[in-house]
Amino acid sequence: MSSMLITNIKQLIGTRTESHLLRGKEISALPTIPNAYLIIEDDEIAAYGSMAELPTTDRQGSDQMDVSGQFILPAWCDSHTHLVFSGTRETEFVDKIKGMSYAEINEKGGGILNSTKKLNETSENELFSQAWVRLEELSKLGTGAIEIKSGYGLTVEGELKMLRVIKKLKEKSSLSIKSTFLGAHAYPLAFRENHQGYIDLIIKEMLPVIAKENLADYIDVFCEKGFFSTSEMETICKAGMTYGLKPRLHVNQLSSMGGLQTGIQLNAVSLDHLETMSSEDIAAISQSNSIATLLPGAAFFLRMPYPPAREMINANCGIAIASDYNPGSSPSGNMNLMLALSCIQMRMLPEEAINAATINGAYALGLGEELGSITVGKKANLIFTKPIPSIAYLPYAFGSNLIDQVMLKGAIIH
Ligand code: NIG
Ligand code: FE
């Protein structure tokens with residue numbers, strides 16, 4: 001067994017003896033120990049506390065690390081990304097600056113279908129290499145767990161290729177990865193006039209192979225005007241659920257059209273986006289078990305209204321924040337930036353944003369018992385900050401990378 005003692009931590013952030021999803025006001029409390037120690041055994045947190053209470057047992061054979069001036073917090077849990085994609089879409093970025101809307105770009109065959117074309121022309125190995133570079137970058141930015149979706153293949157071959165890439169990332173990476181099948185991201189050109197044909201393809205051709213090869217943990221649908229209706233979403237999710245895939249869904253991004261209510265009926269683990277919310281929508285999600293996952297990077301990049309985070313917290317929702325990392329609506333997986341946007345644009349307090357990006361993100365990934373807080377027995381996934389004056393400095397100094405090192409499963413990554 002390997003053992004490491006970390007001493008003189010200026011503040012140890014997110015210490016919890018007991019762990020659960022934080023709902024409503026609970027999200028504002030971020031337990032912290034000043035001048036702390038932390039003991040890691042193998043890949044797990046074994047003990048922690050105040051330096052004054054550091055046990056005086058003999059520590060021969062265990063590594064020691066003095067981190068005076070530094071803060072330690074749980075690594076980010078990013079519960080919504082489209083990290084596997086081919087190439088980039090900065091031409092559309094420029095089109096948007098010139099005045100075109102996201103919906104108009106989609107109608108022109110840009111948007112998701114632009115990435116679909118690129119993805120289907122890219123080999124599995126090349127796709128893996130591109131995704132690997134992004135994942136490495138994100139781990140250095142403090143992300144320790146991540147959800148990754150398919151959804152740029154939109155053919156049997158393309159969707160399976162994406163999911164196999166995610167499976168390979170799971171095998172090779174030290175991040176904890178969850179895989180989501182998002183075959184229902186958009187109707188491919190070949191099925192523009194034949195929606196039922198594409199739904200049949202998802203249900204009869206894609207899902208059985210995905211289940212047989214164990215390629216996904218979750219199923220997702222983009223429920224939106226011009227994409228998938230609420231009843232189409234229901235049909236697709238129910239088919240996925242027969243294979244054990246739990247729904248986590250894109251709803252209420254551009255319109256409030258009942259996607260959220262259908263998602264709740266499907267007992268979705270998480271309902272994501274939520275930029276367009278009526279007061280009925282807020283009340284409905286607050287009374288459900290579904291986590292509200294907010295993606296401030298997408299609202300920022302698309303210059304759209306942000307989700308009503310404060311109202312949702314007041315209504316007792318369980319809120320997570322995630323990056324939505326994708327080439328069209330949020331080309332960044334930098335979770336510290338998502339924290340800053342949550343604070344600046346959604347008026348979340350730094351403590352709330354950190355909880356939303358760690359412990360609640362972990363619950364949104366189904367990893368709440370394993371990650372997301374400094375708790376004995378949880379995996380040692382940690383961010384070591386550079387010297388900072390306070391925890392609020394992280395989202396405040398939004399343009400700086402304030403991470404000194406990152407530990408994943410007990411090992412410092414380089
Ligand atoms: O979550 N909203 C749908 N899907 C992605 C965008 C995908 C894209 O534009 O490539 C999102 O924002
Ligand atoms: Fe998304």
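Indexing begins at 1, ligand by ligand and atom by atom, following the structure's order. Every value quoted in this text rests on a predicted model; they were computed, and no experiment measured them.
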Which residues pass the ring-ring contact (aromatic ring centres under 6.0 Å, His included) test with Phe222, sequence neighbours left out?
Phe227, His250
For His195, check ring-ring contact (aromatic ring centres under 6.0 Å, His included) against everything at least two apart and list the hits.
Tyr187
Are side-chain N/O atoms of [X] and [Y] paired as donor and acceptor at under 3.5 Å?
| X | Y | result |
| --- | --- | --- |
| Ser179 | Lys167 | no |
| Asp272 | Ser270 | yes |
| Gln265 | Gln261 | no |

How far does CG of Leu127 sit from NZ of Lys118, to the nearest 0.5 angstrom?
13.0 Å
Rounded to the nearest 0.5 Å, how far apart are CE of Met407 and CD1 of Ile383?
12.5 Å
Could you tell me which non-hydrogen atom of Asp220 sits nearest to which non-hydrogen atom of Leu249, and how far apart they are?
OD1-CA, 3.2 Å
Parallel, tilted or perpendicular: which describes the rings of Trp132 and Phe128, with under 30° parallel and over 60° perpendicular?
parallel
Under a 4.0 Å heavy-atom cut-off, which residues neighbour ligand 1?
His80, His82, Arg89, Tyr102, Ile112, Tyr152, His185, Phe222, His250, Gln253, His273, Asp324, Asn326, Gly328, Ser329
Near the Fe ion (ligand 2) (under 2.8 Å) - protein N, O or S atoms
His80 NE2, His82 NE2, His250 NE2, Asp324 OD1
